[in-house]
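Worth saying up front: this structure is predicted, and the values here are computed from it rather than measured.
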Amino acid sequence: MTSVVPARTERADLREVEQRVLWLSTAMIDHANRVRPNNSGLKVGGHQASCASLVTIMTALYFEHLTAADRVSVKPHASPVLHAINYLLGRLDEKHLTTLREFGGVQSYPSRTKDPDPADYSTGSVGIGATAPIWGAIARRYVDTHGGGAGTGRQYSLLGDAELDEGACWEAILDPTVADLGEVVWIVDLNRQSLDRVVPGIAANRLQGMFESAGWQVLTLKYGNLLEELFARPGGPELRERIDSMPNPEYQRLLRCGAGELRERIPGGDAAIERLVSELDDETLVAAIRNLGGHDLGALDGAFRAIDDTRPTVIFAYTIKGRGLATEGHPQNHGSLLEADQMRQLAAQVGADLQDPWRKLTPGSEAARRCQDAASRLRRRERARVKPPRLPVDIGRTPTGTTTTQAALGRTLLDLTRSAPEAAERVVTLCPDVSSTTNLGGWLNKVGVWSPTERPDWFADDRETILHWKERPAGQHIELGIAETNLVGLLGELGSTWSRWGQPLLPIGVVYDCFLGRALEPWSFGVYGGGQSILVGTPSGVSLAPEGGAHQSVHTPSIGLEQPGVTSYEPAFAQDAEWCLLESMSQLGKPDGSSAYLRLSTRPVDQSSAAVPADPAARERRRKQVVGGAYPLRRHDDPQVTLAAMGAVVPEALAAADRLQEQGIGADVVCVTSPDLLFRAVRARQGAGGEAGVLDQVFPAHRARPMVTVLDGHPHALAFLAGINGVRAAHLGVSSFGQSGSLEDVYRHHGLDADAIIRAALDLTDA
């Protein structure tokens with residue numbers, strides 16, 4: 001751990017820029033809350049104090065040290081600071097400064113896809129934005145080893161100290177891959193306040209030690225130049241010890257005191273400190289207690305120059321929440337707004353004009369020239385975008401025998417290396433230590449494991465080794481530790497390479513389906529930020545019978561149905577799985593692209609039940625229906641009931657249809673592959689846009705009959721199907737925690753077996 005002593009130089013022009021950034025960020029929030037009309041009366045919000053604590057750090061970074069190759073993740077509540085800086089750099093038009101949190105305006109938190117000005121990373125979900133540059137660094141390295149063009153540059157995270165409470169941060173820090181990422185720099189805004197209070201014991205030393213243990217360089221900016229000078233005087237060492245040892249709330253209370261009260265409170269009964277304090281005039285004393293390293297341009301300059309690019313770096317920059325505002329250091333300043341007279345006071349303090357709040361810096365001044373120089377230095381060249389590779393829609397091989405949809409995943413990827421090698425070269429797969437148990441072993445053996453440098457495979461000559469761990473820069477599989485949050489964080493960044501460096505990848509992440517909920521937030525945020533990827537959840541549902549309730553996913557079909565920016569599929573057969581995977585891959589790596597979620601199963605199914613048409617035209621029609629959401633698997637001449645089944649329980653629906661036929665009750669069987677797409681079709685029929693054609697093909701009105709829906713998941717995921725034609729219905733599925741047992745016992749317990757389907761059908765047809 002290194003403490004950085006500030007340089008004794010003052011940059012007047014940089015300080016002027018800093019003061020203008022402070023004003024602009026504060027004024028944007030003020031305008032959104034106090035000037036812009038608000039007929040609803042709802043709170044608009046903003047975080048003036050949280051912005052102020054980071055202003056000096058961001059000013060030093062953007063206007064002195066940042067390069068065009070660097071990328072920055074800005075803490076969510078400092079979004080107005082980023083917009084203010086972009087305005088001074090000429091990257092944001094003045095008209096947008098009045099649109100903070102307005103419909104179509106600049107966003108509450110930095111957004112790559114929605115803001116009118118550049119944001120390197122979308123942030124807003126605490127901890128997720130902080131870790132994103134780690135995964136961005138790996139994605140850049142991956143692109144660079146697979147054709148080049150990603151360049152170099154540091155990856156900065158600007159995060160609040162409270163974000164370190166998030167487990168996502170520590171999961172990322174502790175992953176073995178991260179210790180080699182010398183381009184990663186975290187800057188912790190250590191203002192020691194949370195939303196509600198001053199944090200009583202933030203234990204900075206403990207946090208610093210944790211980073212050091214993970215192999216990070218740790219730099220600490222605690223005090224600024226003025227305090228360091230006082231510490232060198234008689235009584236100075238005692239003053240340092242006094243401030244170092246006082247609790248956070250006591251220090252914060254000093255920020256609310258005038259000079260007279262400071263003279264009483266600071267010494268704490270120490271005569272040497274009392275003598276030192278008595279020698280200071282009021283202005284110096286008040287300034288000294290606020291002179292922390294995170295607000296000292298010299299200290300920040302020294303820290304940025306001290307970064308060791310051979311390992312990750314964290315800079316703990318001590319700051320004051322609300323620095324420079326009337327609310328400075330107040331324990332409840334998190335969401336507070338300056339009053340009108342306080343805004344006038346701030347304008348006078350920083351040389352701004354309340355009547356002309358967006359006035360630029362004086363043309364020709366040193367501060368204006370610094371902004372121009374920074375704008376020139378940070379200008380990025382436009383990168384030509386490589387078109388995503390052409391993918392086959394059908395590999396042309398019809399699965400036979402008995403197999404699983406999970407096995408179809410690995411089989412399709414291997415087939416792709418032969419049928420479409422250019423596309424296969426763009427595929428990158430990720431797993432949290434479950435490659436062998438999710439049928440990726442063959443793919444992994446074929447393409448190898450990605451590593452920035454080649455590493456020896458010590459088991460290459462072991463004849464009993466089935467999974468060959470060949471680590472090399474050309475590898476296409478990345479395996480992280482057992483942390484789904486890390487995996488989907490990287491998945492999102494690999495899915496963003498098309499927009500960052502013009503190099504599209506086809507990233508596929510595979511997790512146990514029961515842990516999809518754990519991975520959901522960072523994956524969803526990656527999708528929101530423009531990352532296009534495929535997430536595969538397997539094995540799924542109570543069909544994983546012997547594993548018991550803890551590993552049996554219930555609500556994941558609903559997640560797939562509800563997640564924006566994602567198309568979800570749950571195929572029943574290997575052929576369907578191939579088609580859905582290829583369709584999902586074809587949507588990646590382009591401006592109008594999208595992500596996908598595939599829910600796969602380890603249940604072996606007789607593939608002849610799929611009845612894949614042999615005629616090429618009929619086969620293509622089936623394929624289009626599969627990727628469109630559903631297809632008629634069996635049509636009866638005179639149906640009395642429709643059985644709509646999805647995924648692993650389709651064999652039970654077919655068995656039920658056979659037994660119903662024996663009782664003289666005809667049944668149509670519809671195989672649902674995507675309730676997500678079917679629900680979109682329902683909304684399209686209601687005028688919400690899109691196409692509704694699949695509904696007429698699969699659920700035509702003239703075949704409308706009472707319906708039984710069944711899936712290995714919560715029954716409500718398919719319940720809407722009955723509304724397509726307004727028929728009576730029964731909905732079977734899983735609505736309780738699972739049980740261990742045989743497949744037959746577990747299906748019987750949850751009412752997914754053929755008997756349950758038949759009972760439901762009889763109830764509907766007897767009514």
Side-chain angles (χ1 to χ4, degrees), residues 404-406 510-520 523-524 535-563 566-573 576-577 580 596-603 605 626 629-630 633 643-654 656 669-680 682 707-723 729-741 743-754 756-757 760:
T404 71
T405 54
Q406 176 180 287
V510 184
V511 300
Y512 284 171
D513 194 62
C514 57
F515 301 133
L516 180 69
R518 183 184 298 175
L520 180 61
W523 185 54
S524 175
L535 186 59
V536 177
T538 184
S540 64
V542 300
S543 296
L544 189 64
E547 290 284 346
H551 279 66
Q552 296 172 352
S553 52
V554 173
H555 60 283
T556 46
S558 306
I559 290 175
L561 177 62
E562 297 164 7
Q563 176 59 44
V566 171
T567 300
S568 68
Y569 291 104
E570 184 169 349
F573 301 103
D576 300 352
C580 292
Y597 159 55
L598 273 65
R599 189 175 191 249
L600 304 183
S601 174
T602 50
R603 184 191 182 181
V605 173
V626 166
L633 182 56
L643 308 181
M646 182 170 73
V649 296
V650 167
E652 274 60 43
L654 291 171
V669 179
V670 172
C671 183
V672 175
T673 54
S674 174
D676 179 10
L677 291 175
L678 293 181
F679 189 73
R680 293 188 210 180
V682 169
M707 178 182 292
V708 178
T709 66
V710 57
L711 75 156
D712 185 356
H714 198 282
H716 94 277
L718 295 182
F720 72 92
L721 295 178
H731 306 295
L732 308 182
V734 182
S735 56
S736 62
F737 288 114
Q739 301 286 334
S740 295
L743 189 67
E744 295 78 9
D745 289 341
V746 170
Y747 274 12
R748 187 181 309 111
H749 171 76
H750 289 287
L752 302 177
D753 59 343
I757 297 172

What side-chain donor-acceptor pairs closer than 3.5 Å can you find for residues 513-520, not counting sequence neighbours?
residue: D513; atom: OD1; partner: Y597; partner atom: OH; Å: 2.6
residue: D513; atom: OD2; partner: S553; partner atom: OG; Å: 2.5
residue: D513; atom: OD2; partner: T556; partner atom: OG1; Å: 2.7
residue: D513; atom: OD2; partner: R599; partner atom: NE; Å: 3.2
residue: R518; atom: NH1; partner: E484; partner atom: OE1; Å: 3.2

To the nearest 0.5 Å, tell me how far H555 NE2 sits from E562 CD. 10.0 Å
Side chains of V710 and E652, heavy atoms from C-beta outward: is any pair under 4.5 Å? no
With a 3.5 Å cut-off and no angle check, do the side chains of S568 and Q563 form a donor-acceptor pair? no
Can any side-chain N or O of Q552 pair as donor or acceptor with the backbone N or O of A545 at less than 3.5 Å? yes
Would you name the heavy atoms of L721 and A644 that are closest together and state the gap between them? CD1-CB, 4.0 Å
Are Y747 and S543 packed together at the side-chain level, in the sense that at least one heavy-atom pair is separated by less than 4.5 angstrom? yes
Report yes if the side chains of P557 and H714 come closer than 4.5 Å at any heavy-atom pair, otherwise no. no
Minimum side-chain heavy-atom gap L600-S540 below 4.5 Å: no
Are the side chains of V511 and W523 in contact, using a 4.5 Å heavy-atom criterion? no
Are side-chain heavy atoms of L654 and V669 found at a separation under 4.5 Å? yes
Note, I757 side chain near V649 side chain (heavy atom, < 4.5 Å): no
Enter the distance from D676:CG to I559:CD1 here, rounded to the nearest 0.5 Å. 12.5 Å
Does one side chain, of T567 or R680, offer a donor that lies under 3.5 Å from an acceptor on the other? yes
Identify the heavy atoms of P675 and F720 that sit nearest to each other, and give their distance. O-CZ, 3.4 Å
Side chains of D576 and C671 in contact at under 4.5 Å (non-hydrogen atoms): yes
